Chemist: 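There's a structure below that I have some questions on.
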Amino acid sequence: MIACAELEDLTANYLEGSVPRPKRRELEMHMSECGGCREFLAGYRRTVWVARQALEMSSDPEQAPERLVQAILGSLRR
Amino acid sequence: MLDNAARRGEIALIAHLRSGDGPATERFVREHAGWMLALAQRYVRDASHAEDCVQEAFLQAFRSIGAFEGRSALKSWLHRIVVNTALMKLRSRRLALEQPAEDILAHVDRQRCCMPACWAEVATPHEILERKEARDLVIAKLMELPDSYRIVLLLRDIEGMSTEATARALAMTEGAVKVRLHRARAAFKMLVAPVVKRYV
């Protein structure tokens, strides 16, 4: 039986599908019995999603500083 | 994905840029410099380094626009150039990428799988992120991650690069990328949990 700490170490590989089948089965059995690890995995998944979503939903600033625009145009003219 | 009209518009724009059309070039720079700056800043953090990246990215884009085949949208192409430029900038500050972030890690290691369970209480994180204040806080927490963690997380989870491509970009082994990504996600999870809890 695997321990909580081992599950945490294998989380990324588990979500990527790169944990070998016997170990995967052990992980799933552990999660079926450990509420803390189920929550950890759910939170881990959501964290990845939140990072992506927050950046995607953020509107980019409409304009760069004029100073930068002029510097870019100047360097392109050279 | 661009529709046909947008695609034709881009082809015309590229022709103008290739011919050195001054007003088209200025419009192009004004249209894209803002988001490119925000993107570069996610990687290099420092505002003046981010501006250098954007300037360098435009120079590279104009140097290679003759070879741009239009297989992807112009904005995606620019996006990749900015990311590559930012990574080059970071490589020149090699130490920052290798910074081990012990303080955050120590805390994460102590928490193990007993981290606060508040994420499980969030019914709809999407609703939370519809609030600009929440998005800004989440992004601020992402920016609190040390470079060595933030960059791996950005490349794998945000840009969607494979482990192999990330390892190549950062001159690391794939195993090291996986370990660092896991630690970065765990550290980010720890940082962002209190932010989200404010809205649940």
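Values in this document were obtained by computation on a predicted structure and should not be read as measured data. Throughout, a chain's letter reflects where its sequence line sits, starting with A, and its residues are numbered from 1.
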Chemist: What part of Glu56(A) gets closer than 4.5 Å to chain B, counting heavy atoms only: side chain, backbone, both or neither?
Modeler: neither
Chemist: Count I, L, V, M, F, W, Y as connected when their side-chain heavy atoms are under 4.5 Å apart, and connections chain through other members. Are Val44(B) and Ile139(B) then in the same cluster?
Modeler: yes
Chemist: Between Leu142(B) and chain A, with a heavy-atom cut-off of 4.5 Å, which part of the residue counts as in contact: side chain, backbone, both or neither?
Modeler: side chain
Chemist: Mind ranking Val29(B), Thr25(B), Leu154(B) by heavy-atom pairs under 4.5 Å with chain A and telling me who comes out on top?
Modeler: Val29(B)
Chemist: Sort by residue number and list every residue of residues 156-163 of chain B having at least one heavy atom under 4.5 Å from chain A.
Modeler: Arg156(B), Asp157(B), Ile158(B), Thr163(B)
Chemist: Assigning hydrophobic clusters by single linkage (Ile, Leu, Val, Met, Phe, Trp, Tyr; side-chain heavy-atom cutoff under 4.5 Å), is Leu129(B) placed with Val48(A)?
Modeler: no
Chemist: Sort by residue number and list every member of residues 70-78 of chain A having a non-hydrogen atom under 4.5 Å from chain B.
Modeler: Gln70(A), Ala71(A), Ile72(A), Leu73(A), Ser75(A), Leu76(A)
Chemist: Same cluster or not: Leu59(B) versus Val83(B), using hydrophobic residues (I, L, V, M, F, W, Y) connected whenever any side-chain heavy atoms lie under 4.5 Å apart?
Modeler: yes
Chemist: A quick test of your reading: do over 12 heavy atoms of other residues, nucleotides or ligands sit less than 6.0 Å from CZ of Arg21(A)?
Modeler: no
Chemist: Any side-chain heavy atom of Met57(A) within less than 4.5 Å of one from Lys132(B)?
Modeler: no
Chemist: CD/Glu130(B) to CD/Gln53(A) distance, rounded to the nearest 0.5 angstrom?
Modeler: 9.5 Å
Chemist: Are side-chain heavy atoms of Arg185(B) and Thr47(A) found at a separation under 4.5 Å?
Modeler: no
Chemist: Do you reckon Met88(B) sits in the same ILVMFWY cluster as Met36(B), going by side-chain contacts under 4.5 Å, direct or chained?
Modeler: no
Chemist: To the nearest 0.5 Å, tell me how far Arg42(B) CZ sits from Ser58(A) OG.
Modeler: 7.5 Å
Chemist: Are Ile81(B) and Leu37(B) grouped together when hydrophobic residues (ILVMFWY) are joined by side-chain heavy atoms under 4.5 angstrom apart?
Modeler: yes
Chemist: Sort out for me which of His182(B), Glu56(B), Arg63(B) touches chain A most, counting heavy-atom pairs under 4.5 Å.
Modeler: His182(B)
Chemist: Could you check if a side-chain atom of Glu31(B) sits within less than 4.5 angstrom of a side-chain atom of Gln63(A), using non-hydrogen atoms only?
Modeler: no
Chemist: Are the side chains of Lys178(B) and Glu16(A) in touch, meaning some heavy atoms are under 4.5 Å apart?
Modeler: yes
Chemist: Which atoms form the tightest heavy-atom contact between Val138(B) and Ala54(A), and what is the distance?
Modeler: CG1-CB, 3.6 Å
Chemist: Checking Phe58(B) against chain A: side chain, backbone, both or neither under 4.5 Å from a heavy atom?
Modeler: both
